[in-house]
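So you know, we letter chains A, B, ... as the sequences are listed, proteins then strands, and number each from 1.
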Amino acid sequence: MQNPLNLDEVKRVLEAVLLSSSGALSLAELKRVFEVELGNDFLRRALEELKSDWRDRAVELVLVADGWRFQTRPEVQPYLDRLNPEKPPRYSRAVMETLAVIAYRQPVTRGDVEDIRGVAVNSQIVRALEERGWIEVVGHKEVPGRPALFATTKQFLSDLNLRALSELPPLPELARDLIPQESLEDAAEVPWSG
Amino acid sequence: MQNPLNLDEVKRVLEAVLLSSSGALSLAELKRVFEVELGNDFLRRALEELKSDWRDRAVELVLVADGWRFQTRPEVQPYLDRLNPEKPPRYSRAVMETLAVIAYRQPVTRGDVEDIRGVAVNSQIVRALEERGWIEVVGHKEVPGRPALFATTKQFLSDLNLRALSELPPLPELARDLIPQESLEDAAEVPWSG
Amino acid sequence: MSEVLDSAEAAEVEIRHLARVQGELWSELPNDLYIPPDALEVILEAFEGPLDLLLWLIRRNSLNILDINMSALTRQYIEYVEAMQHKRLELAAEYLVMAAMLIEIKSRMLLPRPEKAVEDEGLDPRAELVRRLLEYEQTKLAARGLGELPQAGRDFLTLSIHIPQLAAKRLPRVAPDDLLAAWGAILKRASMTKHHRIGRQELSVREHMSRILKHLREAGRGQFSDLFDPAQGRSSLVVSFLALLELVRERLVDIVQNEPFAPIYAQIAVAAEHAEPA
């Protein structure tokens, strides 16, 4: 199955490579798989066709932040859960709120998170998110103490099945739940981009 | 896709479960996946059909000692290797020096190698080179202990892409100082490939 | 780890659940709070901080967040904080800071404001509090939204099927120049430059020594003339002869001739009996 690769052969190889790779693979990485140089368009077409070939299966080919990968569809999760009843632990609200501040307002310092949440941020929380590979230090703020600036990682996006930060759910409109309907229109000076 | 499961639905779930499992899954484990109790024969039939569905792909469903698993076919190995180029293994300095002494000074005993290298030669080193098929015992030196005399093999030459030992790189000071240019040419039975 | 993991789902407990702590819908008591004593600890765990507690109080009391009744809010908030302190619950300092802030806002609102600034909402003492409450509410909802996104390992699995490692174990590759380098390393280490000079010529001699030894080992002994292959050319004959002489000199091969002009044989040297190993 060497040199003059046709589309079907490329798809056949891509399928095996993607099914056996432990992480998502970028277009550049997938290109490296082939001895002959394949065009981006050709490769993308092969991937799109492969994705469509798997349309009706319980596994799907998706494009996330760090590339293409196969993953199970949510509908088979109950079956998988019966096999492995152990699930990753749910994070506490404190963790999720910290993550939300970092995700939506990055880059932020721990102090920024504390200002918004109104409570001190336990360092265990930051460590848990770092260990999960969801946040990382991207720099330091040039103020006294040079606090670390946190941002979310590609893996965060990838683990949440997203390609980019812009695919995060839009921030809830300020005060929708709190402000009586009539005053809502007055308050919303800035349209939320969603 | 719950209760009255038909064969296609079972195959669809089995495929997702097997593709997402890190190890092989036994029939008993696969049975546990389904809420309804499936007969062994039914399950086996589904697996056999699934295996046959994957017949022409670069991935195969196989039954190994501890159960069923998907795995890549050997033919995709070169593609995977290009994706994750492993660092080529290297011989230790001790092995290389031992090999160099045997190549340049053959036939030599282990004692000779030790004399020249100035350190004891681990028997693992000798064994490694023998197992590689690069050195062999060509005789024994008739001194107390009758130590084995080692020389390099034809395979050594062939693996290093050499036609004769004389094609080994000359040691610099000799090529320059010791051998007059004309006698060098006389000695060269085989034309120098450069 | 209780800070990190969602233990007992306490974090998601709505106040309705809290009410059940005592089987009473105390959350519906609008103004005069009755706080079931055991509920306080749950409250501490259920609220993420003073902002969270304030938001709940505002909602429970149907206060307009943009026009907060500061005295009602402050009174209720302080009642909670005092109750918690009374029970000697470990109260985060932020709760006390917030109490002080509420009291300050309340008192500033009692002061007459300069008339022309009345319409400037920036001067409303509550403005900063409202901004923070709104921002926090937004974060809370965003966190909930993030938590509902499908998550790898929880809602779907990524795949990584087995790759059989049946390909032969990769062996180290050695290039001729590596040998040269290794030899160079030996020379550098020991000062043996003078003793182990090897040129191409000597190498061919050594190659023939190996060849002759191999031949004799297989054949046991060999006729002198068999050790030479005239087809290889004159220089090869010379080198073979040098190789044989060297083998004899190194006492690896014995040359035997039974009588003058009889065939000369070469054989693997036999050690003197006293040299044989036991």
Counting heavy atoms not belonging to A/K31, are there more than 12 under 6.0 Å from its NZ? yes
Specify which of A/V59, A/T72, A/D56 makes the most heavy-atom pairs with chain B at under 4.5 Å. A/D56
Say you draw a straight line from CG of A/N84 to OG of B/S22; how long is it, rounded to the nearest 0.5 Å? 7.5 Å
Indicate the atoms forming the closest heavy-atom contact of A/F34 with B/R82, along with that distance. C-NE, 3.7 Å
Most contact-rich option vs chain B, by heavy-atom pairs under 4.5 angstrom, among A/E29, A/K11, A/R73, A/R32, is A/R32
Can you tell me how far OH of B/Y79 sits from CZ of A/R12, rounded to the nearest 0.5 angstrom? 9.0 Å
Need one label for A/L83: side chain, backbone, both or neither, based on atoms under 4.5 Å from any heavy atom in chain B. both
I'd like to know whether CD of A/E142 has more than 12 heavy-atom contacts from other residues, nucleotides or ligands below 6.0 angstrom. yes
